[in-house]
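What you see is a predicted model; the values in this text were computed from it and never measured. By convention here, the first residue in the shown sequence is residue 1.
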Amino acid sequence: MRSWRQANELHATLVTLYELDHEQELTGIAVPVLDACIADLKTALVEGDPVLAPIKDVISVEAIEAGDPIRVADALFVVAALRSRLPNASASSAALLRAQRL
């Protein structure tokens, strides 16, 4: 459940940033934090999942050291892909919706 909640919160934050500015970029401390969140979400997925293969190093050490920004649209796409693959995502989503109604 922690991974599903983390994925939803990260997804919502990225959606908000994207809606404010479609060209928004993440820079500074946001880049390694995003990388850590994505790495944590990947651990919740089943090894061998085909979505994991291209997401091995979404944010490289070289990119962080160079200070290269990450487009919010790109980060949002990756987080949405990971979020959709989380185990029991639909059950967690239904539980989250019920809790929000209370």
Side-chain angles (χ1 to χ4, degrees):
M1 180 69 163
R2 186 184 118 252
S3 293
W4 180 246
R5 185 176 307 132
Q6 176 188 357
N8 280 338
E9 290 173 10
L10 181 56
H11 186 267
T13 299
L14 291 169
V15 166
T16 299
L17 290 172
Y18 181 77
E19 288 174 347
L20 291 172
D21 178 2
H22 294 317
E23 298 300 319
Q24 179 72 33
E25 295 178 334
L26 299 175
T27 59
I29 190 65
V31 175
V33 170
L34 173 67
D35 187 45
C37 290
I38 288 172
D40 188 49
L41 288 175
K42 289 187 331 186
T43 64
L45 297 180
V46 176
E47 191 163 329
D49 189 307
V51 171
L52 285 178
I55 306 178
K56 291 211 186 294
D57 294 309
V58 175
I59 304 168
S60 69
V61 173
E62 294 81 16
I64 293 173
E65 289 173 351
D68 293 341
I70 304 297
R71 290 184 48 222
V72 168
D74 295 334
L76 182 57
F77 180 81
V78 170
V79 169
L82 290 172
R83 183 175 160 237
S84 73
R85 308 298 282 201
L86 287 173
N88 300 318
S90 59
S92 296
S93 179
L96 182 62
L97 286 173
R98 283 192 301 276
Q100 288 174 345
R101 290 184 190 135
L102 298 177

Q: Flag the pair Leu82 / Val79 as yes when at least one side-chain heavy-atom distance between them is below 4.5 Å, and no otherwise.
A: no
Q) Heavy-atom distance under 4.5 Å between the side chains of Leu26 and Leu14, does that happen here? A) yes
Any chance you could measure [X], atom [atom1], to [Y], atom [atom2], to the nearest 0.5 Å?
X     : Y     : atom1 : atom2 : result
Glu23 : Tyr18 : CD    : OH    : 8.0 Å
Leu76 : Leu17 : CG    : CG    : 9.5 Å
Arg5  : Leu86 : CZ    : CG    : 13.0 Å

Looking at every non-hydrogen atom in both residues, tell me the closest pair between [X] and [Y] and how far apart they are.
X     : Y     : result
Ala7  : Leu41 : CB-CD2, 3.8 Å
Leu34 : Ala75 : CD2-CB, 3.6 Å
Thr27 : Val31 : CA-CG2, 3.8 Å
Asp40 : Thr43 : O-OG1, 2.5 Å

Q) With hydrophobic residues grouped by side-chain heavy-atom distances under 4.5 Å, do Val15 and Val72 end up in a single group? A)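 Yes, because Val15 and Val72 connect within a single hydrophobic cluster, where side-chain heavy atoms sit under 4.5 Å apart.
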